[in-house]
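Worth knowing before you read on, the calculation uses all heavy atoms, side chains too, and leaves out hydrogens, waters and symmetry mates. Chain naming here is simple, since letters A, B, ... match the order of the sequence lines and numbering starts at 1 in each.
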Amino acid sequence: MAERYPFDQIESKWQKHWDENKTFKALDHLTDKPKYYILDMFPYPSGAGLHVGHPEGYTATDMLARYKRMRGFNVLHPMGWDAFGLPAEQYAIETGTPPAIKTAENIATFKRQIKSLGFSYDWDREINTTDEAYYKWTQWIFLQLYKKGLAYEAEVAVNWCPELGTVLANEEVINGKSERGGHPVVRKPMRQWMLKITEYAERLLSDLDDLDWSESIKDMQRNWIGKSEGAEVTFPVSGHDLSLDVFTTRPDTLFGATYMVIAPEHPYVKEITVTEQQADVEAYAIKAGYKSDLDRTELAKDKSGVFTGAYAVNPVNDELIPIWVSDYVLMSYGTGAIMAVPAHDTRDYEFAKAFDLPILEVVSGGDISVEAFTQIEDGFMINSATADRSFSINDLKPSEAIDKTGEWLESTGKGHVTVNYKLRDWLFSRQRYWGEPIPILHDENSVIPLSDSDLPLTLPVLERIKPSGTGESPLANAKEWLNVVDPTTGKVYVRETNTMPQWAGSCWYYLRFIDPHNSDQAWDLEKEKYWMPVDLYVGGAEHAVLHLLYARFWHKVLFDLGYVSTTEPFQKLVNQGMILGMDGEKMSKSRGNVINPDEVVAQYGADTMRLYEMFMGPLERSKPWNTSGIEGVYRFLSRLWRHFVDENGNIVELSDVKPDKETLTLMHASIKKVGNDLEGLAFNTGISQLMIFLNHLRSLELVPKQALEVFLTLLNPFSPHIAEEIWQLLGHENELVYTKWPEYDEQLLVKDMVKLAVQVNGKVRAQIEVEVDADKDVILKLAHDQNSVQQHTEGKTIIKEIVVPNRIVNIVAK
RNA sequence: GCCAGGGUGGCGGAAUUGGUAGACGCAGUGGAUUCAAAAUCCACCGGUGGCAACACUGUGGGGGUUCGAGUCCCCCCCCUGGUACCA
């Protein structure tokens with residue numbers, strides 16, 4: 001390890017200074033400065049403390065925040081805690097420690113660790129989702145959703161574990177057994193709160209286009225929303241006074257529908273099944289009910305199913321086709337029933353083969369004796385006309401046939417063109433204690449929302465948190481809390497025992513940061529107008545779909561209600577990559593490759609830690625930690641210190657004269673490069689430029705004071721403690737934090753001589769130095785004068801000579 | 001299977017978007033300093049051949065476009081993330 005520079009003293013000194021002076025306080029109504037809102041995804045404060053992945057994103061946003069301040073922006077850069085959630089509740093069940101206590105401890109650890117890195121958060125805006133002053137407004141937003149008709153109750157199957165007497169989250173169920181104890185888990189319908197996110201599907205999809213997010217994240221959201229255009233077609237059931245609606249994206253293949261399939265949970269299953277098939281169908285439906293969604297897909301290869309004995313009428317040609325029940329059709333998508341076109345759908349093809357059902361080709365171009373032909377771009381329609389020829393799509397391309405069939409369905413009333421989404425409504429309730437209570441009362445047959453003045457509805461303090469045994473949340477045990485007696489009528493109401501999911505608090509925290517202490521409103525509308533939208537949002541890609549989709553949904557609802565001024569909350573989004581262990585594997589306790597940020601800070605200091613986190617590589621990419629790599633950046637900072645500060649802590653002798661030409665050019669090139677790299681979040685190359693700059697300064701006999709000052713200014717966003725300290729030693733009264741970022745002079749970056757490579761047939765043979773924008777003839781003459789060029793052109797005819805000004809010369813000879 | 005991103009020295013990574021591949025850092029080698037080591041400083045550092053000048057070769061593999069390709073086009077292989085009977 002290099003000789004220590006006193007980073008521990010320097011860093012604690014400046015961190016204390018920033019704290020005491022509230023250096024990073026964001027000003028709400030400072031309208032003469034442009035605003036910049038930089039947000040980190042706030043962490044769940046786990047018991048394990050911070051790992052090196054957290055500070056990666058925080059370091060990046062901090063560097064940008066500090067840079068933006070130097071650029072004259074009023075920066076909002078806050079931090080808080082997403083502190084509701086399962087681990088604290090499980091810990092409480094095991095140990096008896098109340099979740100609030102454990103959570104407070106964890107937050108203290110996280111805060112200490114985050115502060116040790118010198119991040120420039122406005123700590124006066126710290127928020128905590130478990131704080132009743134915060135969740136009062138989470139509940140208030142829920143009531144807004146409820147009043148708008150976007151929250152409703154439904155019977156939904158949950159993972160019920162009879163042994164544990166509790167409902168489990170999907171991730172707590174492994175292979176149909178509980179993660180803890182390995183007890184069997186069954187699907188049990190329970191009353192749940194749902195949010196109608198599907199009502200916003202189209203807007204959530206189309207508004208993605210204008211966001212400055214990576215294409216891959218946008219695509220994940222698009223896939224999740226899963227819009228598909230098609231038609232709904234009605235198939236009357238023969239001999240019954242009912243019909244089955246199906247959704248299809250391929251109405252062109254209607255003539256090829258040779259059977260139908262309905263999901264085992266379909267409401268008509270019982271009704272249409274003929275007596276002889278009743279037993280088989282019922283047995284199959286029960287078996288399918290036991291399978292979780294996962295099991296169903298695992299068995300995807302082998303199609304299973306049972307014939308109902310009933311027939312449907314294909315509306316296009318009045319042919320009778322059999323109706324089957326199979327779990328390859330999902331009740332949760334479309335209508336829970338499909339028309340099967342085995343010739344042109346892989347799944348239907350497999351099913352038809354398995355049960356020997358007819359396969360009728362209606363699009364030419366494939367070989368249906370081998371596999372389903374699903375290409376939609378190639379081929380032409382065949383076998384697709386009504387008996388009386390009144391309707392025919394024969395010889396059309398499938399895409400044309402889709403449109404024409406759609407029109408026909410509309411005009412005959414046998415169906416209609418429609419759109420379907422994969423997105424489902426959001427299951428919003430959890431049978432847990434440690435979450436926001438849902439502000440709802442029940443009586444025998446109705447639901448009564450609390451009024452705003454009853455908020456917050458606080459969590460009751462339970463002596464001991466334990467499962468209710470019924471599948472309800474532990475709140476069902478809180479008898480005094482549970483029952484509410486109307487003082488005038490004496491009527492007894494029961495509180496909702498479900499709580500909100502962890503997503504709730506994080507759906508709007510970025511709005512509370514704008515006005516965190518407001519007790520009359522969730523946030524002030526004027527402040528919201530000033531600060532929103534979030535200009536940069538940085539966090540892990542694990543939240544690419546759910547958190548971001550849920551938050552966007554709430555934001556749009558709040559927009560419709562007039563509480564926010566933008567349609568989208570997060571204008572620009574960046575996902576930091578993962579930091580891997582030294583072995584290139586994901587860090588985990590079991591692998592023993594976890595790096596503890598506390599140890600890194602203790603050994604090398606926060607400035608080095610920050611610098612290394614960003615020097616490793618591009619922010620978005622995953623990259624492995626390397627202990628000798630951190631030595632490198634540590635040496636860089638040590639060299640800076642040693643070169644300019646003597647043993648007594650005084651600045652060494654500097655020159656007051658103007659920097660020489662080379663130094664001046666490099667100085668201005670660095671201002672440009674480092675600034676551009678910070679804007680583009682390309683921290684690694686910015687740091688590399690700082691290293692080049694310092695290497696040059698160290699090569700000088702006497703360093704011009706001005707050059708060192710510029711260097712420190714550029715270094716400040718990256719390693720602020722050491723930069724401030726040397727800056728102060730230079731005698732400056734003001735702090736670097738709000739020092740203006742230097743301007744560069746483009747004129748100085750224009751060189752007067754350039755080196756050109758001379759190629760012969762595309763291979764570099766010589767290097768020449770000429771004046772900038774030198775004449776083509778001059779360049780060529782000089783090029784031909786080179787020995788090596790002559791060697792390689794000797795005896796050859798010159799066919800072509802390419803001169804790219806200030807770049808390259810290429811002589812083509814044969 | 002499908003969607004997205006990515007394969008560059010021993011390692012992390014640069015490369016003005018078609019113009020001298022390997023910046024910067026790590027590791028390594030040689031030297032200076034030291035009684036010695038650590039630290040520090042200087043030099044070298046893709047591969048093959050050569051004492052050297054230099055030559056050939058080289059950005060996952062194969063083909064193509066171009067005066068010129070890490071960069072553009074086509075085919076293939078591998079890795080990472082997402083998703084999965086979505087009709």
Which residue, G334(A) or G617(A), contacts RNA chain B at a nucleotide closer to its 5' end, judged by nearest heavy atom?
G617(A)
To the nearest angstrom, how far is N575(A) atom CG from G5(B) atom P?
14 Å
Categorize I802(A) for me: base, sugar-phosphate, or nothing, with a 4.0 angstrom heavy-atom threshold over every strand shown.
base
How many Å lie between NZ on K673(A) and P on C24(B), as a whole number?
13 Å
Does a side-chain N or O of N684(A) approach OP1 or OP2 of A14(B) to a distance below 4.0 Å, or not?
yes
Just wondering, more than 12 heavy atoms not from E794(A) lying within 6.0 Å of its CD?
no
With sugar-phosphate meaning primed atoms plus P, OP1 and OP2, does K755(A) contact a base, only sugar-phosphate, or nothing at under 4.0 Å between heavy atoms?
base
Under 4.0 Å between a side-chain N or O of R698(A) and OP1 or OP2 of C41(B)?
yes
Classify the nucleic acid contact of V812(A) as base, sugar-phosphate or nothing, counting any heavy atom under 4.0 Å across all strands shown.
sugar-phosphate
Once rounded to the nearest 0.5 Å, what's the spacing between atom CH2 of W503(A) and atom NE2 of H543(A)?
5.0 Å
Are any of the side-chain nitrogens in E371(A) or K353(A) under 4.0 Å away from the carboxylate oxygens of its partner?
no
Mind checking S788(A) for me? I need base, sugar-phosphate or nothing, with any heavy atom below 4.0 Å counting as a touch.
nothing
Say we look at G61(B) and C11(B): how far apart would their C1' atoms be, to the nearest angstrom?
23 Å
Which whole number of Å gives the distance between the C1' atom of G7(B) and that of U59(B)?
9 Å
So, for M609(A) and V600(A), which heavy atoms are closest and what is the spacing to 0.1 Å?
SD-CG1, 3.3 Å
Measuring from the side chain of K763(A) (C-beta onward, heavy atoms only), which nucleotide among A87(B), U16(B), U57(B) has the closest atom?
U57(B)
Whole angstrom is fine here: how far is it from CZ in F636(A) over to P in C41(B)?
13 Å
Given U20(B), A14(B), C85(B), the nucleotide with the shortest approach to the side chain of D327(A):
C85(B)
Please work out if Q689(A) contacts a base, only the sugar-phosphate, or nothing of the nucleic acid, heavy-atom cut-off 4.0 Å.
nothing
Distance between C1' atoms of G18(B) and U65(B) (Å, rounded)
12 Å
With a 4.0 Å cut-off on heavy atoms, is S622(A) in touch with a base, just the backbone sugar-phosphate, or nothing at all?
sugar-phosphate
Taking atom P of G81(B) as reference, at what distance in whole Å does atom CD of E620(A) sit?
17 Å
Is any side-chain N or O of R642(A) closer than 4.0 Å to OP1 or OP2 of A39(B)?
no
Identify whether the distance between the nearest side-chain nitrogen and carboxylate oxygen of R222(A) and D209(A) falls below 4.0 Å.
yes
Euclidean distance, atom CD of residue E265(A) to atom P of C85(B) [Å, nearest integer]:
14 Å
Over how many whole Å does the gap from L548(A) atom CG to G81(B) atom P extend?
19 Å
Nearest-Å distance for atom pair CD/P, residues E542(A) and U80(B)
18 Å
Enter the distance from F307(A):CZ to L357(A):CG here, rounded to the nearest 0.5 Å.
9.0 Å
Please state the P separation for the pair G22(B) and A14(B) - nearest whole angstrom.
15 Å
RNA chain B: 5'-proximal contact among A541(A) and Q767(A) (nearest heavy atom)
Q767(A)
Among G19(B), A23(B), A14(B), which nucleotide has an atom closest to any side-chain atom of S688(A)?
A23(B)
What integer number of Å spans the P atoms of G62(B) and G9(B)?
15 Å
With rounding to the nearest 0.5 Å, note down the distance linking OG1 in T253(A) to NE2 in H344(A).
7.0 Å
Between G82(B) atom P and K422(A) atom NZ, what is the distance in whole Å?
15 Å
Taking only N and O in the side chain of K800(A), is any of them less than 4.0 Å away from OP1 or OP2 of C67(B)?
yes
Looking only at the side chain of H792(A) (C-beta and beyond, no hydrogens), which of the listed nucleotides G7(B), A55(B), A4(B) gets closest?
A55(B)
Drop me the distance from L640(A)'s CG to I722(A)'s CD1, to the nearest 0.5 angstrom.
4.5 Å
Is the distance from the ring center of F636(A) to that of F615(A) below 6.0 Å?
no
Heavy atoms under 4.0 Å, any strand shown: does S216(A) hit a base, just sugar-phosphate, or nothing?
sugar-phosphate
The criterion is salt bridge (charged side-chain N to carboxylate O under 4.0 Å, His left out); which residues satisfy it with E679(A), sequence neighbours excluded?
K68(A)
How does RNA chain B look in dot-bracket form if you count Watson-Crick and G-U pairs under 3.5 Å, write [ ] for pairs that cross, and put | where a base pairs with another strand?
(((((((..(((......[....))).(((((.......))))).((((....))))..(((((..]....))))))))))))....
Taking atom types as modelled, is there a side-chain donor on D425(A) or T198(A) under 3.5 Å from an acceptor on the other?
yes
Per N223(A) side chain, nearest of listed nucleotides U57(B), C3(B), G12(B)
C3(B)
Using the side-chain heavy atoms of V329(A), tell me which of these nucleotides is nearest: A23(B), G19(B), A87(B).
A87(B)
Under a 90° cut-off about 0 for the syn range, is U48(B) syn or anti?
anti
Could you verify whether a donor N or O on one side chain and an acceptor N or O on the other, from Y328(A) and D348(A), lie under 3.5 Å apart?
yes
Collect all protein-nucleotide pairs involving nucleotides 25-34 of chain B in which both atoms are nitrogen or oxygen and the distance is under 3.5 Å.
from: G25(B); atom 1: OP1; to: N695(A); atom 2: ND2; distance (Å): 3.1
from: C26(B); atom 1: OP1; to: R635(A); atom 2: NH1; distance (Å): 3.2
from: C26(B); atom 1: O2'; to: S628(A); atom 2: OG; distance (Å): 3.3
from: A27(B); atom 1: OP1; to: R635(A); atom 2: NH2; distance (Å): 3.4

Going from OG on S243(A) to NZ on K414(A), what distance comes out if it is rounded to the nearest 0.5 angstrom?
12.5 Å
Identify which nucleotide among G12(B), A87(B), C67(B) has an atom closest to any side-chain atom of Y333(A), counting heavy atoms from C-beta outward.
A87(B)
Against the side chain of D219(A), the closest entry in A87(B), G13(B), C3(B) is C3(B)
Conformer about C1'-N of G9(B) - syn within 90° of 0, anti elsewhere
syn
Provide the distance between the two C1' atoms, one in G46(B) and one in G13(B), to the nearest whole Å.
15 Å
Please measure how far the P atom in G68(B) lies from the corresponding atom in A21(B), and state the result in whole Å.
14 Å
Heavy atoms from C-beta onward define the side chain here; which of U20(B), C67(B), C56(B) lies closest to that of R765(A)?
C56(B)
Atom P, compared across G1(B) and C73(B): separation rounded to whole Å:
23 Å
